[in-house]
Amino acid sequence: MSTPHYRFYVDGEWVDSAQRLEIRNPATGDLVATVAKGSTDDVDRAVAAAKAAHEAGDWRRTPPEKRAALLHAVADRIEARLPELAALQTRENGATIRVTGALHLGLSIGQLRYLADLAKTYPFERPGPAIGPIPAEGVLRREPLGVVGAIVPWNIPLLVIVWKVAPALAAGNTVVLKPDEHAPLIALELARECEAAGLPPGVLNVVTGDGDPVGAHLCRHPDVRKVAFTGSTEVGKSILAASADTVKRVTLELGGKGPNIILDDADLDLAVDGALFAALANNGQACEAGTRLLVPSELHDEIVRRLVARAATLSLGDPLDPATDVGPVISARQRDRILGYLESALADGATIAFGGGVPSGPGFADGYWVEPTVVTGVSNQSRIVREEVFGPVLTVLPYDSVAQAVAIANDTDYGLSAGVWGRDEERALDVSRQLEAGMVYVNDWHVINPAYPFGGFKQSGLGREGGPNALDAYTEAKFISLDRSGGLENRAAFALVLGTPPTGAP
Ligand code: NAD
């Protein structure tokens with residue numbers, strides 16, 4: 001069978017280019033697809049198309065219920081292809097097939113439907129309260145921004161795309177989406193389904209290509225009104241700086257270094273499984289991963305023993321096999337980065353309690369692999385504990401008091417996720433309230449529910465995605481003041497500035 005070739009999507013046309021991206025299966029190195037690679041000129045064309053579609057006004061004037069219905073039709077179409085698209089996602093980014101089916105696709109469909117439905121009840125225009133005793137009235141409006149630039153990473157691409165594209169379209173904006181160069185296929189499949197569901201040309205455009213120049217050009221483009229970005233904190237900062245020139249609206253979902261506190265009354269069986277779940281889901285490549293496990297000093301050795309025993313039961317291997325628990329990492333570069341963090345931890349005096357290497361054997365001859373790894377004997381100042389590793393690595397740190405656990409948990413530049421395990425719910429909630437994180441999970445992790453916002457404190461981001469207010473980030477507030485006093489009210493204000501007109505003046 002020949003390798004599929006994908007084109008990108010601008011103004012309702014599928015565009016080819018001489019430049020190609022090669023999408024390789026991270027488990028095998030096999031070529032999954034080639035993709036036409038866009039340029040900064042293609043970004044200009046896509047932004048022009050999105051701007052023209054916005055100005056023509058058909059989409060923003062489409063009744064919100066109809067916009068919602070179209071997004072539901074897209075969700076139906078993705079749902080109908082779920083097994084096929086889950087396999088494609090696994091071959092594109094190496095996430096295990098159980099996870100791509102339930103999480104990447106299943107969660108994305110649920111989010112798409114929820115975010116579409118928000119448009120049905122959103123207060124796009126409503127009368128405001130009367131202003132003062134005289135019937136001068138206000139109208140409160142939320143209007144679409146115009147062209148939204150969306151830039152996403154490769155790790156959970158469809159969910160991260162839906163968090164941006166669904167509220168943007170539901171609110172009547174037009175979009176230029178730049179998927180990650182490692183995993184653009186699911187974005188192009190989404191565009192295909194939007195087209196098939198009847199989304200007008202120019203309303204959603206997808207330009208593939210590298211972060212710099214293609215993504216960077218989109219962020220600087222004067223006709224882009226907002227940038228919605230998910231990715232590393234480093235790139236997020238550069239996007240925030242680039243947007244200053246034209247005062248773009250910006251939402252950022254960035255990195256994390258989630259602290260996971262096991263309290264001394266926790267159910268250890270549950271907490272140990274929960275700690276591995278928090279750290280290893282999506283092959284350890286999740287922004288909200290729980291990577292710093294904080295354990296009572298007196299339980300440290302017992303918890304490490306249990307973690308190692310449980311980690312030894314995990315099956316590492318072909319992510320397309322439903323029996324596989326942990327798959328590969330995205331690239332050779334990422335594998336080498338993770339191994340570099342493990343080396344630096346060893347240099348800091350750490351112990352590798354489990355894993356720590358590249359697996360050997362026939363299934364691992366190609367592709368990019370790191371064993372699930374448990375690291376002990378590090379302080380909160382060690383590089384592996386301070387920086388985002390983005391791989392299947394859990395570090396364990398002891399604490400002597402709950403106050404110390406909270407202090408260590410909050411001693412980080414990040415603030416995306418955190419977790420607490422304990423049987424006493426009030427006590428766990430009390431600890432949760434002290435943690436500086438956008439999401440705190442009590443006796444759980446990775447809870448992503450469309451009705452709740454997702455995003456981070458501190459350098460983990462700016463703004464929130466999903467949740468009941470998701471459309472606010474894709475609309476501008478407008479106040480229209482309507483004076484109905486026939487001059488009774490405003491004349492008094494005029495007099496404050498202009499003085500009282502001389503009698504007999506025209
Ligand atoms: P990355 O920042 O390198 O890349 C993300 C996207 O930005 C890609 O599409 C890339 O092409 C683009 N990009 C790169 N340089 C750019 C530039 N100068 N201007 C504009 N765009 C540019 O991220 P990564 O390392 O590939 O992805 C993993 C990161 O994403 C991790 O830090 C992870 O925590 C984060 N992430 C965050 C969330 C969240 O919701 N907070 C979700 C998933 C991933």
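All values reported here derive from a predicted model rather than from experimental measurement. Each ligand, and each atom within it, is numbered from 1 in the order the structure gives.
- For ligand 1, the atoms closer than 4.0 angstrom to any heavy atom of T230 are 5 (C), 36 (N), 37 (C), 38 (C), 39 (C), 40 (O), 42 (C), 43 (C), 44 (C).
- Around atom 23 (O) of ligand 1, the closest heavy atom drawn from P179, S232, G456 belongs to S232.
- From the protein, the heavy atom lying nearest to atom 41 (N) of ligand 1 is L254 O, 2.8 Å.
- Within a 6.0 Å radius of CD in E84, other residues, nucleotides and ligands contribute more than 12 heavy atoms.
- Atoms of ligand 1 lying under 4.0 Å from at least one heavy atom of E388, given by number and element, are 31 (C), 32 (O), 33 (C), 34 (O).
- For atom 28 (C) of ligand 1, the closest heavy atom belonging to the protein is F390 CE2, 3.5 Å.
- Classification of the W445-Y441 ring pair by plane angle, with boundaries at 30° and 60°, yields tilted.
- The proximity of E465 to ligand 1, defined as any non-hydrogen pair under 4.0 Å, does not occur for either the backbone or the side chain.
- Nearest to atom 8 (C) of ligand 1 among the protein's heavy atoms is D180 OD2, 3.1 Å.
- In E181, the part holding a heavy atom less than 4.0 Å from any atom of ligand 1 is the side chain.
- Side-chain contact between I161 and L190 is present, with heavy atoms from C-beta onward closer than 4.5 Å.
- For atom 24 (P) of ligand 1, the nearest protein heavy atom (residue, atom name, distance) is W154 NE1, 3.8 Å.
- No more than 12 heavy atoms of other residues, nucleotides or ligands sit less than 6.0 Å from atom NZ of K51.
- Near N155, meaning under 4.0 Å from any of its heavy atoms, are these atoms of ligand 1: 43 (C), 44 (C).
- Note on ring orientation: taking the six-membered ring where Trp is involved, the planes of W154 and H182 are perpendicular (angle over 60°, cut-offs 30° and 60°).
- Residue contacts with ligand 1: G211 is placed with a nitrogen or oxygen under 3.5 Å of a nitrogen or oxygen of the ligand (distance criterion only).
- Residues P259 and L294 approach most closely at CB-CD1, 4.1 Å, considering heavy atoms.
- Taking both residues in full, the closest heavy atoms of S243 and V250 are given as OG-CG2, 3.2 Å, listed atom of the first, atom of the second, then distance.
- Annotation: atom 27 (O) of ligand 1 to nearest protein heavy atom, P153 CB, 3.5 Å.
- Residues L169 and W59 meet the side-chain proximity criterion, which asks for heavy atoms closer than 4.5 Å.
- Between L177 and A187, the shortest heavy-atom distance links the atoms CD2-CB, 3.9 Å.
- Interface of A216 with ligand 1, defined as ligand atoms under 4.0 Å from a residue heavy atom, comprises 19 (N), 20 (C).
- Nearest residue to atom 40 (O) of ligand 1 from E253, R337, E234 is E253 (criterion: closest heavy atom).
- Selection from L177, V152, V235 by nearest heavy atom to atom 6 (C) of ligand 1 gives V152.
- Rounded to the nearest 0.5 Å, atoms CD (Q334) and CG (N155) are 10.0 Å apart.
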